[in-house]
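Contents: one structure, followed by commentary.
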Amino acid sequence: MSPELTTFLMILSLFILLAGFPLAFGIGTMGLLFGVLTSGNAFLYMIPQRVVNGTLSEYILAAVPLFIFMGTMMQTSGVAERAFNVLHGWMGGLNGGLGVATIVLAVLFAATTGVVGASETAIGLMAVPTMLNARYSPALASGAVCAGGTLGILIPPSIMLILYAPMAGVSVLQMFSGAVIPGLMLGIAYILYILIRTALNPSLGPSMGREGQVKFFSRNSLIDGARYLLPPLLIIVLVLGSIFVGFASPTEAGAVGALGATCLALAYRKLTWKTFLENCYVTLRITSMIIVIAIASNLFTGAFLNAGCGQVITDLLMGLGLGRWGIFVTVLAIIFFLGMFIDWIGILLITIPIFSPILLNLGFDPLWVGLVICVSLQISFLTPPFAYSIFYLKGIAPDIELHQMYRGIVPFVGMQFVVVILTIIFPDLTLWLPRVLQG
């Protein structure tokens, strides 16, 4: 079987699997099948080496369950609900104040979870009913919660950044530090949009008046802020600060964060043996899913590259005559298209081993490429037909119509595209902080 035919058949099988077949089992089976067809029994002998040495031996992957457990324990502690109540009181007197409080909480929670589902669910359960009761537009409420929830996949400690780093040959510290500015840019853009939109049309996000506002400098307000905002901020500083200054590796910092979140839940009297076991189960389930997809993707890309398909893709892209920037945009377009059908884990683990060598040979900075791709993958959570953020929100807010949700996310998708374009035009948005920390 020629490399060209193998490439066509493997890509065709991938698109067929996107129709709803379980991703891990589908790509794993196809990888095994084409590996045996193209390489014979030698591919079977390579499997243990690829699985153990190529996936399971990555020390940095030990940070994944730690950060997932940290996020689930933060959710258990009830800190998100308490922090939202404080922010709600401070900003309730503004038009769009509840939307702004939602985004601020999303940024705060994104820095403690690293998982979109947990972040959006925790925020949505509190923010959506509050905004709807305050006569907010369902579309605006939906857009704020969905877009804010996706920040969890970009703002460190992000599971996506941890998985991407070893595949691209860059450090997790560089990925974490490089994602800080784009993540904060997105959060600020969302806040400015909500404030401007509600200033032009107050009916979309009316203020709650004096009765719904708490004076910022009142004694009770400052005590509540110190009690419910400082502890999670302290955990964020301990985790990210220890990584950025080189005091701890991401895995060690993840252990500190998991312990800190557990102590926080204990201090707020929310920790029971039952909730502890439930958090362990959720952590085990999500981690197992990631590892299984990683192993299956490793088999698929291993068969793909061993059969010479990587060279076929390289020759195809080079033969288009688009130049290095045209090829880069084409790769981003492919990733964006896949994002409409499969989640970010499958996209990363399938495409990066194939496209990363091509982009590096064209002279692109591997760290910059990785950060642009990771910022772009945020969009995949909001783009139909498989917009995972919409599905999460529909599960916790069934009274909001789907067309209202889709209408609400359109401006936020536009802002995500703008930030992606800015990170491409101005590379220092992603590379400045890593250079500072490295220096």
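FYI, the numbering just counts along the sequence from 1. Because the structure is predicted, anything quoted here is derived from the model rather than measured.
Within the 4.5 Å cutoff, no side-chain heavy atoms of Phe176 are placed close to those of Val180. Contact of the Val372 side chain with the Thr430 side chain is not registered, since no non-hydrogen atoms from C-beta on lie closer than 4.5 Å. Side-chain contact check for Thr301 versus Leu349: every heavy-atom pair is 4.5 Å or farther apart. Residues Thr130 and Leu98 form a side-chain contact, since some pair of their non-hydrogen atoms from C-beta on lies under 4.5 Å apart. You'll find the side chain of Leu367 reaches within 4.5 Å of the side chain of Met175, heavy atoms only. Proximity of Ile159 to Ile286: side-chain heavy atoms (C-beta onward) are nowhere separated by under 4.5 Å. Between Ile68 and Ile290 the shortest side-chain heavy-atom distance falls below 4.5 Å. Side-chain contact check for Pro411 versus Tyr193: some heavy-atom pair is nearer than 4.5 Å.
Between the CZ atom of Phe336 and the CD1 atom of Ile373 there is a distance of 15.0 Å, given to the nearest 0.5 Å. Atom-to-atom distance recorded for Gln378:CD and Thr150:OG1 is 4.0 Å, nearest 0.5 angstrom. Rounding to the nearest 0.5 Å places CG of Leu266 at 9.5 Å from CE of Met73. Atom OG of Ser203 sits about 9.5 Å away from atom CG of Asn95, to the nearest 0.5 Å. The distance from the CZ atom of Phe355 to the OG1 atom of Thr330 is 9.0 Å, given to the nearest 0.5 Å. Taking CD1 from Ile354 and CD1 from Ile334, the interatomic distance works out to 9.5 Å, rounded to the nearest 0.5 Å.
Looking at Tyr406 and Glu401, their side chains never bring a donor and an acceptor atom within 3.5 Å of each other.
Minimum interatomic distance between Ala255 and Leu66 (heavy atoms only, all atoms of both residues): N-CD1, 3.6 Å. Of all non-hydrogen atoms in Leu433 and Ser177, the two that sit nearest each other are CD2-O, 3.3 Å. The nearest pair of heavy atoms linking Pro182 to Leu429 is CD-O, 3.8 Å. Closest approach of Ile194 to Gly96, counting heavy atoms only: CG2-O, 3.5 Å. Nearest heavy atom pair, residue Pro157 against residue Ala111, reads CD-O, 3.1 Å. Minimum interatomic distance between Gly183 and Ile155 (heavy atoms only, all atoms of both residues): CA-CG1, 3.8 Å.
Between Trp368 and Phe364, the two ring planes are parallel [angle under 30°; tilted spans 30° to 60°].
The closest donor-acceptor contact from the side chain of Ser297 to the backbone of Ala294 lies at 3.5 Å or more, if one exists at all. In this structure, Lys270 contributes its side chain and Met74 its backbone to no donor-acceptor pair below 3.5 Å. Between the side chain of Ser77 and the backbone N or O of Ala265 there is no donor-acceptor pair closer than 3.5 Å.
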Review point. Can Thr198 and Leu140 be said to form a side chain to side chain contact (heavy atoms under 4.5 Å, CB included), step by step?
Key: CA-CA 10 Å; Thr198 54; Leu140 181 63; 3.8 Å; yes
Exercise for review: Kindly determine whether Ile409 and Ser142 satisfy side chain to side chain contact (heavy atoms under 4.5 Å, CB included), including the steps that lead there.
Suggested key: CA-CA 7 Å; Ile409 65 171; Ser142 300; 5.7 Å; no
Exercise for review: Dump the intermediate steps for side chain to side chain contact (heavy atoms under 4.5 Å, CB included) on Ser356 and Val369, then the final yes or no.
Suggested key: CA-CA 8 Å; Ser356 184; Val369 167; 6.0 Å; no
Check your understanding: Do Phe276 and Phe69 pass the side chain to side chain contact (heavy atoms under 4.5 Å, CB included) test, and can you show the C-alpha distance, the side-chain angles, and the key distance before you say yes or no?
Key -> CA-CA 10 Å; Phe276 179 79; Phe69 183 80; 3.7 Å; yes
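With a 6.0 Å radius and a threshold of 12 heavy atoms from other residues, nucleotides or ligands, Arg324 has its CZ atom above the threshold.
For the side-chain hydrogen bond (donor to acceptor under 3.5 Å, both in side chains) test, residues two or more places apart in sequence or in another chain that qualify with Asp428 are Arg435.
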Check residues 233-246 and write down every donor-acceptor pair under 3.5 Å in which the side-chain atom is one partner and the other belongs to a residue at least two apart or another chain.
residue, atom, partner, partner atom, Å
Ser242, OG, Leu238, O, 2.7
Ser242, OG, Val239, O, 2.8

